[in-house]
Every structure is written in structure tokens, then in C-alpha cells.
Amino acid sequence: MSLEDDILGQRFASARAVETLGFRPYGHRFDFTHTIPDALERYGSASAEQLEAERAEVRIGGRVQTIRRMGKAGFAHLAQGGERLQIYVRKESVRPEDFELFKNLLDIGDILGVEGYLFRTKTGELSVHASRLDFLAKSLLNMPEKWHGLEDVETRYRQRYLDLIANPDVRRVFVTRSRIVASLRRQLEERGFIEVETPMMQPMYGGAAARPFVTHHNALDVDLYLRIAPELYLKRLVVGGLDRVYEINRNFRNEGISTRHNPEFTMLEFYQAYADYRVLMDFSCELLRRTALDAVGATRLTYQGREIDFAAIRRLSLREAVIEFWRRDERPTSDERPRLEDLADPDWLKRHSGAAGSGAALVEIFERIAEPHLFDPIIIYDYPLETSPLSKSKPDEPDFVERFEIYAGGMEIANAYTELNDPQEQRRRFEMQRKLREGGDQEAHQMDEDYLRAMCYGLPPTGGEGIGIDRLAMLFTDSKSIRDVILFPLLRPEGPLGLADRLKALEE
RNA sequence: GAGCCGGUAGCUCAGUCGGUAGAGCAUCUGCCUUUUAAGCAGAGGGUCCCGGGUUCGAGUCCCGGCCGGCUCACCA
């Protein structure tokens, strides 16, 4: 018999004994007067004398975190909402069954309700002087160690609930993530955007360059793709007159997993009719500035040891960025810093990149030369048309489109453009993509005639933008890995645990 | 997909040159009415990730596999 079976058996026996004492081992309801954070907020600064005078009666509930038993009395900490409050259980102050419960049957991890009055101990800690205990739930398995918490990364991801119990910082990360999303929603709502939900299962995937997950619908007998982006559906809605529309939801891309990539990730996409990418640049800066304030209370923050400031976002064209970040020592050749004319010269581009087209080469060079250095938040604008099949071209530079990306912490966090709204031009772009696809580019955009049809009815001039919520959460919580801001990141499935059999054996 | 690193008690970790498997917390028994990483005395608990191999002998060395992390590639 392993130790864990031993513990499971002990705890199961303890749950039965709790029942024999007259408690329910798994309670139904507990009417508390304060959450633990509320109680600390309300009474955290009250002096011992004030507490004694007021003798505030409270009922609190939470998970038992520590127990210190001393013969005829003892202390425990209850944890709730990321905070903890001490309780003091004295034999002569509670019912006999309460003390029996506390003395012999309570385990770390159990959920307990306590009624009593607030006081301060000798050492000054706010505590509940218990008059009555309620048993609310038994914990049958050992909790992680109290001092070091749970460090095993795999267990933290697979059993996130344990991570949340044992590591208070983890809770803060996900609270911050929630604040980010709430702030973005609030700002968009304030500007008259409405939130919608568009299909996650799509007969044709588009709106980004990525490989999709495929699934199958039995009744219709059709293959469907999990969406790689909601873009084409949101723009159909703009055609339908939803001039300001947004969606915050999951995208799925069947690609590698890394510290910056999870196969499912959350994206905000919003579309504003009658706006262009210049309007979105200004809006983005304000959006990020206020999200930072709402999420962490400041626009300056530290990411991986370096300060970044969301109130001061630089703007640089893609070509300017290549020139600015050009470094001879990172090049295999001894070329001098290029001039703008070089970046327009197909021969020069061919010499410096293996990519097929001039546009792809320019982007490849940018990603190699400049991207790693984009740590401070920065807007990079004017991308080659070739790599942007859904963006509107620049009137004075037909090989470039009105598109920008925002980088911060060395990561791309947003992508935006003036939407292409000319159906003939869109058809030609799709045909260009089809040629790339026939040339072996699996991620090239598919011809989407249904989308073309919508555009034929007339898409107003529109600016659209996508912001990666997970990466924003990484920046605002100083997380190195995207898995630390996703509650249940994708892992290979575990084998059978055998827990059902062990529980069954206990019952027999 | 490639390279590097890791997997030992429920948790956090030691384990020397290949020679009987260790500590703290947690658990169990006893004592203890203001403790707080409570304390004191005692006890139990191991598929050393899995499978082969070398060896008189493997947690330790070799090979294969599984799972995870990091870096790179792809991508956002």
C-alpha cells in the first residue's frame, strides 16, 4: 500500500467520523457574513481594544491552510480569495463536537466554516475566536507543501487548481488577465462598439496565415476548420451595418508550441467603419495606455527585468526599422547600413534574403534585423502588399499597404490595417494567394467567394485590428511563458490515474 | 521537428567513486489553553518515470522509450 492510498484511506475514514459526529462531510450551504478579504478590509486595521469593545460577530468560510493544535486549544488559518485569516478554537468556547472535529478530524485542505468574534492575539494577529464550526468539505488528498508551494511545472499546468491554492502569485496573474479583458471591453463599449460571436467552426478558414485544425460534423457530413481568425466574419458584419464591432475569443492554429505560442489563444478583434489605420494607431495607443492603468495601475512596468512604458509608443515604418536596427555584426556579409532605395531594389532584397518575393524578403529581413530589438512598445507601419492579402494598398505606393503591427517585450502584440474593400482588388489578391498555395505555401489564403460576395454589396472604408490577449497578459504580469497566463495550457494527455479504483476500494 | 536539461516519499529537495534509500514539511501516536514554517518525544511511508543492457552488485554507467522545461525552427 502506497502512502497516498494510506492518506486517502485515513482521510476517507476521517470523513466518515465527521459524519458520525453529526456534521455533513460535504456541506450544502454556508451563509457567511464576510469573505476573508472583506473581513480583513473591514477589520484589518482595528486595534485590540476596538475589537474588544465592538466584539464583532462574524461567520467566515475557507480552506484550511495550516493547523496548530495545542492540547485544549489551537489555531488554524483559513484561506479564501487569495488571503487568509486565523481562527482560534478553544475547548471551553465551542460545542464538544466542534472541538472533537478540530482536535482529531480536521485536515489541511478541508473547507471549514467558522462563527465567532474577532480579536487580536498576543502577537497582534487578527483572528476569529470560534464559538461554532461548520464542516463544509473534506479534502482526501495531501496538499502541496506550505513553505515552498507547488513548483513542479507540469503539475502546476495539469492541476492548476493546486497551483492556485499553493501559489498566491498565480491567482494575481489571472486576476490581472481578467482586468485586462474587462478594461478592453469597457473601452470598446464606451466608444459604441458592440460585442459579437462569430463561428469557431468554419467551412473555410481565413483571416490569417496559419495551418488549421480540422474537425467533422456528422449530420451534415462536412469537414469544418476551427477558426484561425474571426476577421472575415466580422467584416461581413460591417457590411451588414454593424459599424463598430468586436469579438474577444479563441483562435486555433495547428502549429508549434512555445513560450509565446499556444495552439488555442485569445484574440481581440475590432472593426471601425469609416476609419483607417492612422485612426487605429491613435486608438491603439490610448487603448493600451488605459488597459495598463486599469490592469496594473501604471503605464510604466517591468517586463523580464526591463522597463517598458505604454504611455510612450514610438512609430516607425517597417523600412525605417530595418535601417535603424541594421547591425553589421549580425550580418554574414560586411554590408553597410542600407538606404531606402536599397529596400526597394529587388536585387538588393534577393541578395539579403532567401524569401521568394520582394515583399516577403523585406518582411523576412525586418523580422531578422529589427524584431528582436523591439522591446519598448512600438508601432511598425507600412507592410509589403505581397504578405497582406486583406489590407488596402497605399495610394502613393501600390506595393505597400496601410498596415501596422505593435511590438512590445520583443513580441508582436497587435496587427491592424485599413481593410481592403474593393472586391475586384480582393479577387486579384486571392488569386495571388492561390498561386502561392499552388507553389507549396500551405498557409496562403484560400479563395473565399462568400466573403467576396459580401464585399460586392459594399464594405465601407474600415479599419480593423487584432490584439493578442495572452501576450498582453504576459507583459502586464511579467510572465516569461504564455502558459503562465493560460489556465490550462495544452499538454500531452496523462495516462490513467487509477483513482476511481482506489476510491471504489475504499467503499468496499 | 532538432539540440540541451530534468523526472528519487503527497510536496520541496539531497544522494559522494557503482556497494543496505535520506532530510524538512505533510501523515500517524503521545504531551501541550495565544500559536503562526508552533514546540517536544516517538512511528510509519519508496514502481528511485518505464523497458532493456553492462556488472558479483545500478537511483548512479550505456541504449531505447514516455513525460516535462528551455533554446531553435514555424508562427501571433
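Naming: A, B, ... by sequence-line order, numbering from 1 per chain.
The partner of B:rC32, taking Watson-Crick or G-U wobble pairs whose two distances both stay under 3.5 Å, does not exist in any strand shown. Using the Watson-Crick or G-U wobble rule with both distances under 3.5 Å, B:rG46 pairs with nothing in any strand shown. Checking B:rG18 for Watson-Crick or G-U wobble geometry (two distances, each under 3.5 Å) identifies no partner in any strand. The pairing partner recorded for B:rU71 is B:rA2, the criterion being a Watson-Crick or G-U wobble arrangement whose two distances lie under 3.5 angstrom. The partner of B:rC25 is B:rG10, judged by Watson-Crick or G-U wobble contacts that both fall below 3.5 Å. For B:rA58, there is no paired base (Watson-Crick or G-U wobble, both distances below 3.5 Å).
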### Query
Step by step, would you call A:Phe400 with A:Tyr277 a ring-ring contact (aromatic ring centres under 6.0 Å, His included)?
CA-CA 13 Å; A:Phe400 285 82; A:Tyr277 77 143; over 10 Å; no
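A:Ile482 places its CD1 atom 13 Å from the P atom of B:rU71, with the value rounded to the nearest Å. Between A:Glu494 atom CD and B:rC67 atom P the separation is 11 Å, expressed in whole Å. One atom, CG of A:Asp470, and another, C1' of B:rA76, lie 9 Å apart when rounded to the nearest Å. For the pair A:Asn142 CG and B:rC11 P, the interatomic distance rounds to 9 Å; values are reported in whole Å. Atoms CZ (A:Arg11) and P (B:rC28) sit 7 Å apart, rounded to a whole Å. A:Asp152 places its CG atom 8 Å from the P atom of B:rU8, with the value rounded to the nearest Å.
B:rG22 and B:rC66 have their C1' atoms separated by 27 Å, with the value rounded to a whole Å. With both ends at atom C1', the span from B:rU60 to B:rC40 equals 38 Å, rounded to whole Å. The P atoms of B:rC62 and B:rG68 are separated by 24 Å, rounded to the nearest whole Å. Atom P of B:rC4 sits at a distance of 49 Å from the matching atom of B:rG42, rounded to the whole Å. B:rG3 and B:rA76 are spaced 26 Å apart, taking the P atom of each and rounding to whole Å. Comparing the P positions of B:rU20 and B:rG39 gives a spacing of 32 Å, expressed to the nearest Å. Nucleotides B:rC11 and B:rG7 have their C1' atoms positioned 15 Å apart, rounded to a whole Å. Nucleotides B:rC48 and B:rA58 are separated by 11 Å at their C1' atoms, to the nearest Å.
A heavy-atom distance below 4.5 Å is found between the side chains of A:Leu232 and A:Leu390.
Between the side chains of A:Ser14 and A:Gln10, no donor-acceptor pair is found at a separation under 3.5 Å. No hydrogens or angles considered: nothing links the side chains of A:Gln86 and A:Thr121 as a donor-acceptor pair under 3.5 Å. Remark: the A:Lys480 side chain and the A:Thr259 side chain contain no N/O donor-acceptor pair separated by less than 3.5 Å.
Residue contacts for A:Arg471: at a heavy-atom cut-off of 4.0 Å it reaches a base atom on one of the strands shown. As judged by a 4.0 angstrom heavy-atom cut-off over every strand, A:Thr155 is placed among residues making no nucleic acid contact. Across all strands shown, A:Gly149 has heavy atoms under 4.0 Å from sugar-phosphate atoms exclusively, and none from any base. When heavy atoms are screened at a 4.0 angstrom cut-off, A:Arg158 is found touching the sugar-phosphate backbone but no base atom. In this structure, A:Arg68 reaches the bases: a heavy-atom distance under 4.0 Å links it to at least one base atom across the strands shown. At the heavy-atom level, A:Ile413 lies nowhere under 4.0 Å from the strands shown. Across all strands, A:Phe99 comes closer than 4.0 Å to no nucleic acid atom at all (heavy-atom distances). Residue A:Glu405 is classed as having no contact, given no heavy-atom separation below 4.0 Å to the nucleic acid.
Stacking between A:Phe265 and B:rA76 is shown: the ring centroid lies under 5.5 Å from the centre of the six-membered base ring, and the planes differ by under 30°.
OP1 and OP2 of B:rU71 both lie 4.0 Å or more from every side-chain N or O belonging to A:Arg260. For A:Arg90, no side-chain nitrogen or oxygen approaches OP1 or OP2 of B:rU34 to under 4.0 Å. Proximity of A:Lys480 to the phosphate of B:rU71: a side-chain N or O atom is located under 4.0 Å from OP1 or OP2. When the side-chain nitrogen and oxygen atoms of A:Ser258 are compared with OP1 and OP2 of B:rU71, none of them lie within a distance under 4.0 Å.
When A:Arg403, A:Lys392, A:Lys235, A:Arg429 are each tested for a salt bridge (charged side-chain N to carboxylate O under 4.0 Å, His left out) with A:Glu419, only one passes: A:Lys235.
A:Tyr88 and A:Phe119 have tilted rings, their planes meeting at an angle from 30° to 60° on a 0 to 90° scale.
For A:Gln86 against B:rU35, a side-chain N or O and a base N or O form a donor-acceptor pair under 3.5 Å.
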